[in-house]
Amino acid sequence: MKLYFSPGACSLSPHIVLREAGFDFTLEKVNLRNRQTASGVDYTTINPKGYVPALELDNGELLTEGPAIVQYLADQVPDRRLAPPCGTLERARVQEWLTFIGTELHKNFSPLFNPAATDDAKEAARANLARRLPIAAQVLEGRPYLTGEAFTVADAYLFTVLTWTRLVDVDLSPWPSLGAYLERVGARPSVQAAMEAEGLKR
Ligand SMILES: N[C@@H](CCC(=O)N[C@@H](CS)C(=O)NCC(=O)O)C(=O)O
C-alpha cells in the first residue's frame, strides 16, 4: 500500500493507523501548493480530488477520505482492535467521533490555515472550535481515549487535528484533558514513528 500524504496534514491520521496496524506500506509526499508528488507526478492524475490523504491499495485501487481509510485499515486487522466490529453500537460510536472530528473540528481549522479566508471567517471558525473542543475535552476527563480504555482510529484523527492548535494559536489551556491527551497519544510508538517519518519531530 502507498499513502499519499503531506507532513502534519490530516493524512497523519491514516499514517498513524498504518503503523498501529502493522502494515508494510510506502509513503509519497504531496506538495499541496502545486499538487506535485515527490516523484514529480501531477497528483490530480492519481487523485482527482487533489487533497490528501489517499491510499493506493495493493490491487491498484485508490481509497480516499480519511475516515473511510482508517476504518478500512482497522477492518483488515481485527485482532489489533483499532475499531470495534462493523454493525455494533461500539462501532457507531467510533464513526460518531470520526464524523464529529471531520466535520466539526477539522473543517473549522481549515479557514485558520487559509490565507484567503477573511478575518470574519477565521473568527467564526475559532468561535466554533471554542464551542466544540470542550465536547471532546469533557469526555477525555473520564477516560484515556475517546471511546474508552482502548486507542481506536478516532484517536489517530483527534490527535492529528489537535496538533494543529499549536500551528494556528488555538489555546488548549482551558481544557487540560486535551493537553494531557496530546501527550498520551503523542507518546505512542506508532505516533512517534509517523511524526519522525513526516519530519515533524524537532
Ligand atoms: N474530506 C477529506 C478532507 C481532506 C483534507 O482536508 N485534506 C487537506 C489536508 S488536511 C488538503 O489536502 N487540503 C488541500 C486542498 O484541499 O487542496 C478527508 O476527510 O480526507
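Remember, it's 1-based here, ligands and their atoms both numbered in the order they're listed. A quick note: this is a predicted structure, and the numbers were derived from the prediction, not measured.
The contact set between ligand 1 and Pro53, taken as ligand atoms under 4.0 Å from a residue heavy atom, comprises 20 (O). Atoms of ligand 1 lying under 4.0 Å from any heavy atom of Glu65, numbered from 1 in the order shown and given with element: 1 (N), 2 (C), 18 (C), 19 (O), 20 (O). Proximity to Arg35 (heavy-atom distance under 4.0 Å) selects the following atoms of ligand 1: 15 (C), 17 (O). Using a 4.0 Å cut-off to heavy atoms of Gly66, the atoms of ligand 1 that qualify are 18 (C), 19 (O), 20 (O). Atoms of ligand 1 found under 4.0 Å from any heavy atom of Pro67 (numbered from 1 in listed order, with element): 19 (O).
Residue Leu32 places no N or O, backbone or side chain, under 3.5 Å from any N or O of ligand 1. Among the atoms of His106, some N or O lies under 3.5 angstrom from an N or O of ligand 1. By the 3.5 Å distance cut-off applied to N or O atoms, Tyr157 is not counted among the residues near ligand 1.
More than 12 heavy atoms of other residues, nucleotides or ligands sit less than 6.0 Å from atom CG of Asn34. Counting non-hydrogen atoms of other residues, nucleotides and ligands closer than 6.0 Å to CZ of Arg93 gives a total of 12 or fewer.
For atom 6 (O) of ligand 1, the nearest non-hydrogen atom of the protein is Lys107 NZ, 2.9 Å. Nearest non-hydrogen protein atom to atom 7 (N) of ligand 1 is Val52 O, 2.8 Å. Given atom 9 (C) of ligand 1, the protein heavy atom at minimum distance is Cys10 SG, 3.6 Å. Here the protein heavy atom with the shortest distance to atom 13 (N) of ligand 1 is Tyr51 CB, 3.9 Å.
With Arg91 contributing its side chain and Pro85 its backbone, the two residues share no donor-acceptor pair below 3.5 Å. Glu198 places a side-chain N or O within 3.5 Å of a backbone atom of Gly8 that can act as its donor or acceptor partner. Checking side-chain atoms of Tyr181 against main-chain N and O of Tyr145 turns up no donor-acceptor pair under 3.5 Å. Formation of a donor-acceptor pair under 3.5 Å by the Glu96 side chain with backbone atoms of Ala92 is not found in this model.
Within the 4.5 Å cutoff, the side chain of Val153 has no heavy atoms near those of the Leu73 side chain.
To the nearest 0.5 Å, atoms CG (Asn31) and OG (Ser6) are separated by 7.5 Å.
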